[in-house]
Amino acid sequence: MKRKSRFILYLIACLLPVVDRFFTNFAIALLIGSVQVGSMDYFIKICLITIGLIILGVILFIISRFMRISFMRDTLLDVRLMAFDKIINSSYKSFSQKSKDTYISNLINDINIIEREFFLSLINIIYNAGIYIVSLILIAFLDFKFALIAFAASIILYVTSKLFEKRTIALQERVSDENEKFAVDMSNTFNGLEILKLNRIEDQFLSKALKSVTGLERKKLDYNIYTDGQSRILELLGFSFLIISLIYLSSLFMRGITLTEGTFMVQLSNSCVWSIIAVLPRVNQLKSSVKIFDKITKYEEDTSNSLTKDKEFEFEKEIEVKNLSFRYGEKEVFKDVSFKIEKVKKYLIKGPSGAGKSTLIKLLSMIYDDYTGEIKVDGVDYREIKEKSLNDNVSFIYQDVFLFEDTIFNNIALYKPYTEEEVLEAAKKSGLDSLLSKKENGLYEMLLENGKNLSGGERQRISIARAIIKNSKLLFIDEATSSLDEELGRKIEETILSLNSTVIAISHRYYEGITEKYDYVLEIKNGQVNQYDGNEYFMEVAI
Ligand code: ADP
């Protein structure tokens with residue numbers, strides 16, 4: 001409906017072949033009728049008219065195709081963009097609930113379903129509806145009683161087809177789900193191919209893959225058999241109606257209608273019934289493709305809690321965690337924990353593996369909100385804060401830095417409109433000067449796929465520059481230096497501790513003379529978080 005005028009054009013284009021169909025029907029009726037007339041001149045005239053109508057039909061077909069194509073192309077492009085937008089704009093929480101391959105399946109397989117089922121159904125529905133309406137009107141003009149019989153027959157066909165509707169939609173959805181599963185399975189196999197080969201377990205995966213393909217094909221077969229069966233049953237009803245109409249027409253012949261009239265009426269009743277038989281399964285297919293459209297484009301409401309998220313993330317003073325408890329199902333990670341994060345201070349999270357360090361970062365960065373207790377920033381409950389507002393104010397630095405195949409400039413600015421001076425300053429503050437002076441194009445040097453042409457330290461510096469330019473109030477760091485050598489690690493840690501942001505970091509490395517600069521240590525032990533002064537904590541460690 002976004003392109004109303006072009007949709008009307010599309011509608012007309014779908015109806016053009018209807019004109020052709022009736023011209024052809026009429027030409028055939030005239031040809032057969034000419035036998036009754038018995039004149040050669042009349043026959044030749046009719047032949048010429050028929051040839052003319054056939055040529056007209058071809059022209060109409062070509063015009064119709066051209067009129068339809070651009071509307072279809074642009075609408076499909078919109079669907080792709082909407083599906084892409086939904087994925088990109090989903091919250092981290094809902095995005096991470098599904099495998100990435102599910103989204104790829106939505107973008108490829110589901111859009112193909114829409115392309116095939118939706119547009120093919122739509123054109124068929126419009127075309128056949130046109131045929132149905134025009135046939136019925138023409139029959140009504142020729143013989144009103146016969147039109148009533150045809151109308152009654154179409155009602156019976158409609159009711160029968162309704163019986164199939166629900167299951168057609170359900171079967172189509174199952175095909176879509178199976179497509180997602182197949183994409184995830186295949187991707188797992190390909191991602192782990194090296195391990196599979198090294199451990200010689202390809203065969204197990206081959207049989208798993210076969211099962212996955214068989215599952216998908218079976219669901220497609222179910223759908224095809226069901227929609228086909230539906231068509232066959234409707235066809236059977238259609239034939240029954242045709243027999244009735246032939247009996248009725250023979251009675252009209254007795255009353256003396258011409259051969260042309262009779263032939264035309266046979267064809268019209270044929271068109272009337274077969275158009276409805278052709279259209280009804282298409283309506284169900286159309287509805288099922290609309291369901292798929294909804295699935296890949298509509299946002300799911302976040303009903304996890306009833307609070308409205310309309311507050312801004314304003315962090316001028318402190319984040320207060322009070323009586324916080326959190327569990328993954330049966331596994332309790334935090335039990336009644338309370339502490340505070342003060343602005344601009346640097347916090348180091350310590351604790352054995354599995355203690356809950358990453359979980360604490362996920363709670364403080366709003367990735368999880370199914371905790372009990374409170375997390376408040378300057379007195380505002382986390383659950384009332386707009387996710388976007390938090391995202392605008394925080395940055396993450398992980399062990400793995402994702403880099404785009406683009407310039408250093410864009411990798412730092414992340415496509416936001418920063419000036420060259422701003423980017424350069426952030427690059428310098430994060431210690432990227434030596435890299436920039438080495439590169440011929442400086443900031444405009446292209447990085448290879450995921451930054452293959454950078455060292456681990458340089459990659460980390462780019463992610464620090466991203467945080468600096470964003471002027472993030474809060475910086476979460478998870479093992480940023482653990483893959484770097486001692487010397488580089490020290491330098492990165494030093495840079496991080498010199499920043500103006502509040503830092504909450506996980507690191508198992510200890511850099512003498514640097515790590516002590518953390519203001520506080522949050523030590524996680526047995527579901528509790530104990531806060532220590534940085535200096536004191538490390539003095540004790542040293543002792
Ligand atoms: P750390 O970062 O300290 O190594 P985590 O915060 O990753 O620990 O995990 C804390 C505990 O919670 C661990 O026992 C881990 O197995 C469990 N855990 C982590 N993530 C999940 C999850 N998504 N579902 C269930 N359990 C999890």
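Predicted, not measured: the structure shown is a model, and the values here were computed from it. Atoms within a ligand are numbered from 1 in the order they appear, just like the ligands themselves.
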Problem set entry | Residue pairs fulfilling ring-ring contact (aromatic ring centres under 6.0 Å, His included) with at least one residue in residues 420-439, sequence neighbours excluded |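 For residues 420-439: none.
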For this session: Establish, from distance only, whether the side-chain atoms of Asn106 and Asp110 form a donor-acceptor pair under 3.5 Å.
Result: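 Result is yes, a qualifying pair exists.
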Problem set entry | Tyr226 and Gln172: side chain donor to acceptor below 3.5 Å |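 Side-chain D/A pair, Tyr226 to Gln172: absent.
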For this session: Under the salt bridge (Lys or Arg N to Asp or Glu O under 4.0 Å) rule, collect the residues that match up with Glu516, sequence neighbours excluded.
Result: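 Glu516: no salt bridge (Lys or Arg N to Asp or Glu O under 4.0 Å) contacts found.
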Exercise. How would you list, by chain and number, the residues with a heavy atom under 4.0 angstrom from ligand 1?
Worked result: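 The 4.0 Å shell around ligand 1 contains Tyr328, Lys331, Val333, Pro352, Ser353, Gly354, Ala355, Gly356, Lys357, Ser358, Thr359.
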For this session: Please name all residues satisfying ring-ring contact (aromatic ring centres under 6.0 Å, His included) with Phe476, sequence neighbours left out, ordered by chain then number.
Result: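 Phe476: ring-ring contact (aromatic ring centres under 6.0 Å, His included) contacts with Phe396.
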For this session: Kindly check if the number of other-residue, nucleotide or ligand heavy atoms within 6.0 Å of CG (Asn526) is above 12?
Result: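 Open: at most 12 neighbouring heavy atoms sit under 6.0 Å from CG of Asn526.
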